[in-house]
S.K.: 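This structure is in structure tokens; I'll ask about it shortly.
Order of the sequence lines sets the chain letters (A, B, ...), proteins ahead of strands, with each chain counted from 1.
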There are 2 protein chains.
Amino acid sequence: MTDAAAAHARPTLADVAARAGVSASTASLAFSGSGPVSDATRERVFAAAKALDYAGPDPRAQSLRRGRSGIVGVVLEERVRAAFLDPVKIQMLDGISEGIVPLGAGLLLLTDTGEGAVSVANAPVDAVALIGCSPRLAHTVAQLRLRGIPMVAIEGHAGDDIIEISIDNEDATRRGAEHLRELGHSRVALVTLPLDPERTRGPLTPEREAESTSATTSERIAGARLVFPGIGGVTAGASDVEEGRLAGLALLADPETRPTAVIAQSDLLAAGVIRAAEELGLAVPADVSVLGFDGVRVDGLAPYDLTTLVQPSAAKGRAAGEALVQMLAGEHPEGTCFSSVFHRGNTTAPPAR
Amino acid sequence: MTDAAAAHARPTLADVAARAGVSASTASLAFSGSGPVSDATRERVFAAAKALDYAGPDPRAQSLRRGRSGIVGVVLEERVRAAFLDPVKIQMLDGISEGIVPLGAGLLLLTDTGEGAVSVANAPVDAVALIGCSPRLAHTVAQLRLRGIPMVAIEGHAGDDIIEISIDNEDATRRGAEHLRELGHSRVALVTLPLDPERTRGPLTPEREAESTSATTSERIAGARLVFPGIGGVTAGASDVEEGRLAGLALLADPETRPTAVIAQSDLLAAGVIRAAEELGLAVPADVSVLGFDGVRVDGLAPYDLTTLVQPSAAKGRAAGEALVQMLAGEHPEGTCFSSVFHRGNTTAPPAR
DNA sequence: CTGAAAGCGCTTACAG
DNA sequence: CTGAAAGCGCTTACAG
């Protein structure tokens, strides 16, 4: 039989059972190992399977019958590449895969754009981790809730009944801001993460803040306000170096209005602000201090050692994965809020004058 | 009805059909949009679905019935984190997700360790991309072949009948080696990628090379031999900076035997060799020249600009994804071999003496 | 320890 | 345009 022909007529459990001279039920038991089957019978079944090139029970049929697919979905708020370019997300992903080990489940990457045949609305997943504070969260959550799929949100309030794994965004930012104040800064500006579903770039305004759909962004803004009540700034269109650079240029170009310190809401954005400062001939930290958030090593940023708030990204992922395992076991786990640690690098210093 | 109760009795297509007063077939047609259904009927079905909180056809039943799961597997040769730490793999992954867009399929992350309930042996995937030149390839391929699942291998010969997406490992390395020879180097050593399934660290010996299970490693060694016939060196236990550092220390510690140039088989390994040189008080490239492979930006390596062979990682992934799409459409695509581009950075120079 | 039966939820020819 | 029927491949009570 050629490969092509074989592909058109793969053997089924029934075929194997027939050849082994047992019932399908018995053959099934032999494969699952979950029932009492005599050694002789088991071996007859396996021999038949081998003879027929049977690769084992079809997972599609198993999951229909069992009501479980053995797959955990991870909803990214953007295309796969973008998520993979963010070190924080990678660490969370790895943490999740660690957390769900007891499930032996695979990780299915999903985006919340709703494109493609396989989406949040119909992916064959048993549970889902929502990564990142996506503005589109509400819609995603509604679909998942309708489907009765357990979910946990990492960063972001997805609904009162949905477990949240978060960090101390407000307090951590407050501590970073206090560090700047202690250095003597008073003219400080923010470079925030996206605020709305369109990820609109631009100045931070009370209107836009009021309409924020990103809890993380809002919380970190609030933390900065605790120290610098009137602080303003700009919103980036994503968390990456280029967006940080654009924001930095907008903030630092005019010597008249230039802040002496910038609070960026991610390390990638902070790195971009540093790039912008360099382009404008400004020294960091002599002319501008830059504070980040995340505590990831940013590619090519050396010899700068970013002053930042280090958050436990992998631990967050692991906690999320563990929570899903518990929910699938019928338990009702609590959410977790982790603490970030202030790291003093070499990108902050007292203001020049 | 409480959420918990709802979770125990999710409505089915049959329920929706009954409420809409139509047959299940018609309701199915209404949802799939693939059959002739009158507007009035369709709306009645949707109204019933809404009233019952029906989230749409169960993907598990659909995939059993249709024989397709809408999921493409990506087999990583190591744990998720390790793959995500390798920029080359991330670029390939992103390329794959781009290549399978026409399928609208999700990407399921799998490792070839065989652990967990969902593995290569039973994952509900329609097709699979094998990433990286894993030594465990043979076993993975055998399982997939038995299951009749179309696959494509990125880097690595998986079998005569399996499409390969590769690059010019031998020729690219040859060009890099020639660059070193032209600079005047003659005492050159290799730091290779793993050679065997155990990823054994240690000196390169004819025996070990003969038993290599990694085509990529062997091809790159062969390319170096075209220029430096007797070249030896050490094998790293993985492609990361720390392994490169260990290899570099082994190679550079003894001033008597120290090479004037090192050919590393990945940029990450090259970065590690540079770190080792620094630790030993050697200057790069003044005391030791270092050549990499991949053309990725290595975190924290600035101001070094690695001399390397730049390979088109994302394009490889895309080609792999596209090949799978074609195979699923019943076509028989060819493999592709891409070319790498030599990049002259600042880590190679004529030997000191 | 083994088998007959029912059914997981859907889609797809096939009739009408 | 709509419906009745069969079946995708398996697992799970239930009997024996």
Side-chain angles (χ1 to χ4, degrees), chain A residues 7-45 48-49 52-70 117 121-124 126 146-149, chain B residues 7-45 48-49 52-70 117 121-124 126 146-149:
Chain A
H8 285 292
R10 307 216 68 73
T12 68
L13 225 211
D15 297 331
V16 173
R19 186 175 228 270
V22 301
S23 71
S25 346
T26 300
S28 173
L29 256 25
F31 277 103
S32 73
S34 65
V37 180
S38 72
D39 288 355
T41 303
R42 190 196 324 282
E43 290 189 2
R44 217 135 30 85
V45 172
L52 296 176
D53 273 351
Y54 180 67
D58 185 326
R60 293 181 294 247
Q62 284 183 312
S63 56
L64 172 57
R65 185 53 232 236
R66 291 181 168 154
R68 285 272 175 101
S69 66
N122 61 13
D126 295 335
L146 197 57
R147 296 182 57 194
I149 293 177
Chain B
H8 285 292
R10 309 216 67 75
T12 68
L13 225 210
D15 297 331
V16 172
R19 186 176 229 269
V22 301
S23 70
S25 347
T26 300
S28 173
L29 257 24
F31 277 104
S32 73
S34 66
V37 180
S38 72
D39 288 355
T41 304
R42 190 196 324 282
E43 290 188 4
R44 215 134 34 83
V45 172
L52 295 176
D53 273 350
Y54 180 67
D58 185 325
R60 297 188 228 89
Q62 285 182 311
S63 57
L64 172 56
R65 185 53 231 236
R66 291 181 168 155
R68 285 273 175 101
S69 65
N122 62 13
D126 295 335
L146 197 57
R147 296 182 59 194
I149 292 177

S.K.: NA contact type, A:Thr41, heavy-atom cut-off 4.0 Å: base, sugar-phosphate, or nothing?
M.R.: sugar-phosphate
S.K.: In whole Å, what is the span from the CZ atom of A:Arg60 to the C1' atom of C:dT11?
M.R.: 14 Å
S.K.: Using the side-chain heavy atoms of A:Pro36, tell me which of these nucleotides is nearest: C:dC1, C:dT11, D:dC10.
M.R.: C:dC1
S.K.: Dot-bracket notation for DNA chain C is requested: 5' to 3', Watson-Crick or G-U wobble pairs only, both distances under 3.5 Å, with ( ), [ ], | and . as defined.
M.R.: |||.||||||||.|||
S.K.: With a 3.5 Å distance limit and no angle check, can you tell me whether A:Arg10 reaches the backbone of A:Ala55 through a side-chain donor-acceptor pair?
M.R.: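 No; judged by distance alone, with no hydrogens or angles, the pair does not exist.
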S.K.: Using a heavy-atom cut-off of 4.0 Å across all strands, would you classify B:Phe31 as base, sugar-phosphate, or nothing?
M.R.: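 Nothing, no heavy atom under 4.0 Å.
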S.K.: Tell me, do B:Arg65 and B:Ser28 make a side-chain contact under 4.5 Å, heavy atoms counted?
M.R.: no
S.K.: Reckon A:Tyr54 has a side-chain N or O less than 4.0 Å from the OP1 or OP2 of D:dG9?
M.R.: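 Answer no for this pair, as no side-chain N or O of A:Tyr54 is under 4.0 Å from OP1 or OP2.
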S.K.: Which nucleotide sits closest to the side chain of A:Ser38: C:dT2, D:dC10, D:dG3?
M.R.: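 Among C:dT2, D:dC10, D:dG3, the one nearest the side chain of A:Ser38 is C:dT2.
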S.K.: Report the nucleotide, chosen from C:dT2, D:dC1, C:dC10, that has the shortest atom-to-atom distance to any side-chain atom of B:Gln62.
M.R.: C:dC10
S.K.: Rounded off to whole Å, could you give me the CG-to-C1' distance for the A:Leu29 and D:dC10 pair?
M.R.: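 Roughly 12 Å, once rounded to whole Å.
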S.K.: Check the distance between C:dG9's P and B:Arg68's CZ and give it to me in whole angstrom.
M.R.: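 After rounding, the gap between these two atoms is 24 Å.
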S.K.: Do A:Phe31 and A:Leu13 have side chains that approach each other closer than 4.5 Å (heavy atoms only, starting at C-beta)?
M.R.: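 A side-chain contact exists here, since the closest heavy-atom pair is under 4.5 Å.
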S.K.: Between C:dC10, D:dT12, C:dT12, which nucleotide has the shortest distance from any of its atoms to the side chain of B:Leu13?
M.R.: C:dC10
S.K.: Starting at CZ of B:Arg65 and ending at P of C:dT11, how long is that distance when rounded to a whole Å?
M.R.: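 Result: 9 Å.
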S.K.: Could you measure the distance from the CG atom of A:Leu146 to the CG atom of B:Leu52? Nearest 0.5 Å is fine.
M.R.: 10.5 Å
S.K.: Taking atom P of C:dC10 as reference, at what distance in whole Å does atom CG of A:Asn122 sit?
M.R.: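 About 12 Å, once rounded to whole Å.
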S.K.: Choosing from D:dC10, D:dG3, C:dT11, which nucleotide comes nearest the side chain of B:Ser28?
M.R.: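 From the listed options, C:dT11 comes nearest.
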S.K.: According to a strict under-4.0 Å criterion, is B:Ser23 in side-chain N/O contact with OP1 or OP2 of D:dG3?
M.R.: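 It does, given that an N or O in the side chain of B:Ser23 lies less than 4.0 Å from OP1 or OP2 of D:dG3.
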S.K.: Determine whether a donor-acceptor pair (N or O, by modelled atom type, separation under 3.5 Å) exists between the side chain of B:Arg60 and the backbone of A:Arg66.
M.R.: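 Checking the backbone N and O of A:Arg66 against the side chain of B:Arg60, no donor-acceptor pair under 3.5 Å is found.
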S.K.: Rounded off to whole Å, could you give me the CG-to-P distance for the B:Asp58 and D:dC10 pair?
M.R.: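 These atoms are roughly 18 Å apart.
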S.K.: Can you check whether A:Asp58 reaches A:Thr12 side chain to side chain, under 4.5 Å on heavy atoms?
M.R.: no
S.K.: Considering only D:dC8, C:dC8, C:dG3, which nucleotide approaches the side chain of A:Leu64 most closely?
M.R.: C:dC8
S.K.: Looking at every strand, decide which applies to A:Ser25 at a 4.0 Å heavy-atom threshold: base, sugar-phosphate, or nothing.
M.R.: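 Base contact - A:Ser25 has a heavy atom under 4.0 Å of at least one base atom.
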S.K.: Give a yes or no answer on whether the side chain of B:Arg42 reaches the backbone of B:Val37 with a donor-acceptor pair at less than 3.5 Å.
M.R.: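 Yes, because the side chain of B:Arg42 sits within donor-acceptor range (under 3.5 Å) of the backbone of B:Val37.
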